[in-house]
Enquirer: 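Structure incoming, see below.
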Amino acid sequence: MPGASPLPATFPPPPDVLEVVYRVERVATGVVDTEHRLVRAPFEVRIETHRAEPDAVDPDADPTLLDIAVLGGVETGPVGQDRVLVVVPPTPALRGAHLGTDLAAAEQAGVLVPLGFGRELAGRACTELRTGAPIDGGLLRAPTDDDRSDVCVDDAGIVLREEVTAGGEVVERRTAVSVDADLDLDDADLDEAFAPLGYRIPEADGGGRVRLVTPDSRPPDVAHHELAAPPAGTELLGRFGVLTDSVPGPDAAGSVGAVISMVDVHVGGGEVVVVENGAAVAGGPVLGRGDVPVPLPFAPEATAVFLTTGVEIRAPLETGRFVRITSTLPLADTVSLAGSMRLLDGPGAVVPADDEPDVTGRFAPAR
């Protein structure tokens with residue numbers, strides 16, 4: 001039909017394990033890097049950056065930069081220097097080389113624009129799309145003439161190319177030179193690849209923690225919003241008590257300052273739904289306003305934003321607390337889930353579910 005969008009309603013979930021090698025051209029400086037991205041969906045991403053063209057990378061050489069994301073933690077920086085593992089709320093990892101948002105709703109909101117033509121890269125056909133910011137930031141925004149990011153995505157949702165324009169100038173191009181969506185690595189090798197290396201900030205020095213708690217744990221002094229049952233096709237991976245030790249936003253997380261929260265993570269069938277009840281440790285507000293109003297019975301000022309990994313509903317509460325729902329489901333389904341949540345009044349109790357004080361980097365769903 002003339003004028004119809006060339007996009008599907010959504011791309012399929014990412015493969016369990018994905019490997020993409022990109023050639024990255026930093027246009028302003030003329031520097032060319034090679035990025036080797038290894039992904040174990042949905043929580044783990046490892047990015048090795050080598051300062052060389054792809055065909056010149058020494059397979060035995062250490063990378064210049066190494067970034068690792070795991071459930072509840074992000075570590076980034078040069079190899080061979082002091083590294084810090086930063087605690088963040090457990091959600092699907094960004095920078096996973098896959099676009100998993102509600103494409104139809106994002107297009108309607110103007111934060112994703114189909115360009116109507118495609119390419120073939122790394123032996124795979126892809127469709128051109130435009131958004132307003134680099135997709136590694138995780139948040140889709142409305143593009144402008146001066147600030148935009150043009151991406152080419154194949155039928156599996158794998159990002160094969162990105163050209164970033166800032167201030168009217170092209171600043172970066174990322175092009176896939178190889179893709180392996182059926183990588184055969186055993187769990188031991190994957191566990192080693194995604195093992196964090198960095199220094200953990202002690203709690204006494206303001207460090208954070210992600211701890212598994214019992215499914216009936218609740219904050220001791222405030223009301224708590226939760227789903228009456230896991231979304232269809234999913235199960236509760238865990239309820240986690242979270243104290244962050246660094247600023248998670250202002251990107252996809254939309255947060256300022258340290259946050260204390262209780263987080264339910266539901267997984268299954270390639271989908272992830274995360275419900276976070278939280279508040280800023282000091283100051284606020286925590287949540288920025290999103291692009292699409294989605295008034296909920298318990299939060300009339302709720303809004304939604306579109307992430308590269310799905311959608312996010314931000315529901316500020318009158319008490320200064322918030323509920324945040326991050327989901328790989330379509331926006332309408334996520335709004336319906338949010339509207340059906342039940343409110344449990346306090347007091348409650350927080351009960352550790354095991355003897356391990358920290359689950360960051362060791363907790364992942366069974367495959």
Side-chain angles (χ1 to χ4, degrees), residues 16 40-45 68-75 84-93 187-188 190-192 194-204 206-231 233-246 248 253 255 258-269 271-279 281 309 321-328 341-342 344 346-367:
D16 288 342
R40 180 163 62 176
F43 303 116
E44 297 169 319
V45 176
I68 300 175
V70 293
L71 184 138
V74 174
E75 178 188 321
V84 176
L85 180 65
V86 176
V87 172
V88 297
T91 56
D187 287 340
L190 288 169
D191 290 343
E192 181 179 357
F194 295 109
L197 307 174
Y199 169 76
R200 298 298 306 278
I201 302 173
E203 285 185 273
R209 171 166 290 178
V210 179
R211 182 154 196 180
L212 184 67
V213 299
T214 59
D216 58 351
S217 288
R218 290 189 286 117
D221 55 352
V222 294
H224 179 78
H225 293 80
E226 67 178 22
L227 299 176
T234 73
E235 60 183 19
L236 182 67
L237 175 67
R239 175 167 287 182
F240 302 93
V242 179
L243 173 64
T244 66
D245 58 7
S246 182
S255 301
V259 172
I260 187 168
S261 59
M262 189 164 286
V263 181
D264 290 347
V265 180
H266 305 271
V267 298
E271 307 292 356
V272 183
V273 176
V274 178
V275 178
E276 180 182 9
N277 285 257
V281 172
T309 54
R321 298 179 60 82
F322 67 88
V323 175
R324 175 165 44 205
I325 302 98
T326 306
S327 166
T328 59
M341 286 199 301
R342 61 187 182 184
L344 302 179
V350 179
V351 182
D354 60 23
D355 293 331
E356 293 289 339
D358 203 314
V359 302
T360 296
R362 71 164 183 87
F363 204 89
R367 295 169 52 226

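Heavy atoms only: backbone and side chains are in, while hydrogens, waters and symmetry mates are out. Model, not experiment: these values are computed from the prediction.
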Enquirer: Do you know the tightest heavy-atom contact between P92 and V274?
Expert: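 Reported closest heavy-atom pair: CD-CG2, 4.3 Å.
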Enquirer: Kindly indicate whether the side chain of V87, heavy atoms from C-beta on, has any atom under 4.5 Å from the side chain of L243.
Expert: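 V87 vs L243: side chains apart.
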Enquirer: Specify the closest pair of heavy atoms between S217 and V351, including all atoms of both residues, with the distance to one decimal.
Expert: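 Closest approach of S217 to V351, heavy atoms only: OG-N, 2.9 Å.
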Enquirer: Out of curiosity, R342 CZ to H225 NE2, how far, rounded to the nearest 0.5 Å?
Expert: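 Between atom CZ of R342 and atom NE2 of H225 there are 12.0 Å.
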Enquirer: To the nearest 0.5 angstrom, please state how far the CD1 atom of I325 sits from the CG atom of N277.
Expert: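 One gets 8.5 Å once the value is rounded to the nearest 0.5 Å.
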Enquirer: Is there a side-chain contact between V259 and V242 in this structure, where contact means two heavy atoms from C-beta onward sitting under 4.5 Å apart?
Expert: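 A side-chain contact under 4.5 Å is absent here.
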Enquirer: Taking the side chain as C-beta and beyond, is there a heavy-atom pair between T309 and V272 under 4.5 Å?
Expert: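 No, every pair of side-chain atoms sits at 4.5 Å or beyond.
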Enquirer: R211 side chain to D354 main-chain N or O, any donor-acceptor pair under 3.5 Å?
Expert: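 Checked: pair present.
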Enquirer: CG of L227 to NE2 of H266: how many Å apart, nearest 0.5 Å?
Expert: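 Atom-to-atom, L227:CG and H266:NE2 are 4.5 Å apart.
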Enquirer: Search all heavy atoms of P215 against all heavy atoms of L236 and return the closest pair with its distance.
Expert: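 What the structure gives for the nearest pair is CB-CD2, 4.0 Å.
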Enquirer: Do R209 side-chain atoms and P357 backbone N/O form a donor-acceptor pair below 3.5 Å?
Expert: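 Yes; at least one donor-acceptor contact below 3.5 Å.
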Enquirer: L197 versus E75: any side-chain heavy-atom pair under 4.5 Å?
Expert: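 SC-SC contact between L197 and E75 confirmed.
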Enquirer: Under 4.0 Å between a side-chain nitrogen and a carboxylate oxygen: does that hold for E226 and R239?
Expert: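 Here E226 pairs with R239 in a salt bridge, since their nearest N and O are under 4.0 Å apart.
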Enquirer: Provide the closest heavy-atom pair for F240 versus V213 in the form atom of the first, atom of the second, distance.
Expert: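 Scanning both residues, the minimum pair turns out to be N-CG2, 4.2 Å.
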Enquirer: Tell me the closest heavy-atom pair linking V273 and S327, and the distance in Å.
Expert: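 Residues V273 and S327, closest heavy atoms: CG2-OG, 3.9 Å.
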Enquirer: Looking at E44 and F194, would you say the former's side chain and the latter's main chain have a donor-acceptor pair under 3.5 Å?
Expert: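 Answer holds: no.
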Enquirer: Over all heavy atoms of both residues, which pair between M262 and H224 is shortest? Give the atoms and the distance, please.
Expert: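 Scanning both residues completely, I find the closest heavy atoms to be SD-CE1, 4.0 Å.
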